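Notes for the one structure printed next.
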Amino acid sequence: MTYKKVRTRFAPSPTGFLHIGGARTALFNWLYTRRHEGTFVLRIEDTDQARSTEESTRAILDAMTWLGLNWDEGPYFQAERVNIHRVMVQKLIDEGKAYYCICTPEELEAKRKKALAEGRKPKYDGTCRNRGLARSPGSVVRFRCPEVGMTIVRDLIKGNISFNNEELDDLIIERADGYPTYNFAVVVDDAQMGITHVIRGDDHVNNTPKQIRIYEALGCETPLFGHVPMILGSDKARLSKRHGATSVMAYQEMGYLPEALVNYLVRLGWSHGDQEIFAMEEMIREFSLEAVGKSAAVFNPEKLLWLNQQYIMSYPGERLAEVVLPFWEKRGFDLSNRGYAAKAVSDLRTRAKTLVELADAGAFFFREEVDYDPEAAAKFLTPEYGGHLQVVAERIPAVEDYTKDGLEAFLRALAEERGTKLKWIAQALRVALTGKTVSPGIDEVMVTLGKERVIERIRLALARIGAGG
RNA sequence: GGUCCCAUCGUCUAGUGGUUAGGACGCUGGCCUCUCACGCCGGAAACCGGGGUUCAAGCCCCCGUGGGACUACCA
């Protein structure tokens, strides 16, 4: 056994945003690398000139950063490496391991259709394989795949997978435009970058035997492979936009914490006994490819929501306030008093599954004028409750122990004195202070709002009652 | 069609030949309670089917069935 230092890579193609599936692949690579104190390389596979964009590259990098998946090398751009790829293509041609092909896409498509219609396998028929053609305009380069024997993929997750070489195709490795195709570029780059472990989605398993043949043709050592199962939507089809948000950054906008998404993703396919919640350090310590399951997993938004709530509840107060602020800022609230905002966040944290929910639920803390819910006001801002409110407003200035416990005692005593139940005073107060019948504990709200705001809001509510509604 | 992969509650999963098949999300009954949450206690809910192997199979083998991936001058 060798003890070569682990080198992994995440190699997305910049044709869109980083999606949930890609994020999990990146996460598994990252965890495996950190676990083994290796090097995590980021490589952008942009050889498809028509579909690759710079915005996508930027978006992918941003999403990785947001998730906390830092890379040690790169990003490298595959398109900048075409000279290396061309040299390797030429090497294979010189050695007779690859050849020029002048079959046109139209011809190939026709042959493919015909083969399929006749129930034969639609692989390249080898027309140009032994013609000894030279490069010409429109020609491509094909890899000469062995026609007999077997290729075994030793997979760290799925075990050994064997393929008959006759199933393999003489795949194109260099397009007519001179750019390498994926299956070739990925091998050249992984080999040249010294990648020791290729961890990727299992939609690549059928490519792997071809790639192994290319490694061998190139005279390179093959890396170890680990094919992680796909993530499916609720209908068991491959996860896509139809199933809801699939872009990582959409989750940030919806008020998810990166730690929650990461924790959700790691449990999709991987487990460590019965444990559900993992700090990053724990994940790194416990992660192993042997513990990754072999079957595809259905993405479950409800569980992610629950995890997000767990993280909101346990996040350090200061950091939680920091990440909530932008959501309030968006509403144009005055957040200059950071201490006040922090207190509000702490009151709200057990009541929100997302930051957006939290920001919504806490809007009353910042609104200049209370936004009364019509039904709530109709029920509680009435002369019947006005009396209670009146007395609360009158007595608050004299409340010495203006704390959660002190206020609770104050309100309980008041309820008893007035021959009613705390709930009636609390609900009336809640509507007067927040405009709603749902809020954090009324004592907490009063503490956070502060005496002045509380009295002011009660007066406004009383004025509304006085005005007859 | 061919090749390859996969198969435990609705979902994520634990399980590695002998278990009342465990946990989590969701659902649900109750408790707590100033509302809503949080929290706590309880419940319903699964080994795809058929053959083997074995004293014994969710765990091993085979065959079905079902799902998925690939089958591009995309990655």
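What's counted below: heavy atoms across the whole structure, side chains too, no hydrogens, waters or symmetry copies. Predicted model only: the values in this text are computed from it and were never measured. Lettering follows sequence order; numbering is per chain, from 1.
- A sub-4.0 Å separation between OP1 or OP2 of U11(B) and a side-chain N or O of S234(A) is absent.
- When distances run from any side-chain atom of N206(A) to the nucleotides A69(B), A24(B), U13(B), the shortest one goes to A69(B).
- In this structure, R112(A) places its CZ atom 16 Å from C1' of U3(B), rounding to the nearest Å.
- The aromatic rings of F287(A) and F28(A) are tilted relative to each other, their planes meeting at an angle between 30° and 60°.
- Counted within 6.0 Å of CZ on F77(A), heavy atoms from surrounding residues, nucleotides or ligands total more than 12; the atom is thus considered enclosed.
- Remark: K123(A) is not in phosphate contact with U3(B), judged by side-chain N or O atoms under 4.0 Å from OP1 or OP2.
- Across all strands, C103(A) comes closer than 4.0 Å to base atoms (heavy-atom distances).
- Heavy atoms of T437(A) sit under 4.0 angstrom from at least one base atom.
- Looking at heavy-atom distances under 4.0 Å, G201(A) makes no contact with the nucleic acid at all.
- D46(A) and Q78(A) share no donor-acceptor pair across their side chains, judged by distance under 3.5 Å alone.
- Among the protein residues, N207(A) comes within range of the nucleic acid bases, having at least one heavy atom under 4.0 Å from a base atom.
- Distances shown here put a side-chain N or O of R238(A) below 4.0 Å from the OP1 or OP2 atom of C70(B).
- Nucleotide A14(B) forms no Watson-Crick or G-U wobble pair with any nucleotide shown, as no partner meets the under 3.5 Å limit on both distances.
- Note on ring orientation: taking the six-membered ring where Trp is involved, the planes of W424(A) and Y385(A) are tilted (angle from 30° to 60°).
- T181(A) has no side-chain polar atom (N or O) that falls below the 4.0 Å cut-off from OP1 or OP2 of C73(B).
- Nucleic acid contact for L268(A): sugar-phosphate only, since backbone atoms but no base atoms lie under 4.0 Å from a heavy atom of the residue.
- When heavy atoms are screened at a 4.0 angstrom cut-off, E167(A) is found touching the sugar-phosphate backbone but no base atom.
- Residue V205(A) has its side chain nearest to C4(B) when only A37(B), G2(B), C4(B) are considered.
- Using a 4.0 Å heavy-atom distance criterion, H227(A) is classed as making no nucleic acid contact.
- Note on P209(A): nothing from the nucleic acid sits closer than 4.0 angstrom, heavy atoms only.
- Between Q309(A) and A37(B), a side-chain N or O to OP1/OP2 separation shorter than 4.0 Å is absent.
- Side-chain nitrogen and oxygen atoms of R412(A) include at least one within less than 4.0 Å of the OP1 or OP2 phosphate oxygen of C34(B).
- D443(A) comes within 4.0 angstrom of a nucleotide base, judged by non-hydrogen atoms across all strands.
- Here, C38(B) and A75(B) have their C1' atoms 46 Å apart, quoted to the whole Å.
- Counting non-hydrogen atoms under 4.0 angstrom, Y179(A) reaches nothing in the nucleic acid.
- For C40(B) and G66(B), the P atoms lie 44 Å apart once the distance is rounded to whole Å.
- Set against G10(B), G22(B), C73(B), the side chain of N300(A) has G10(B) as its closest nucleotide.
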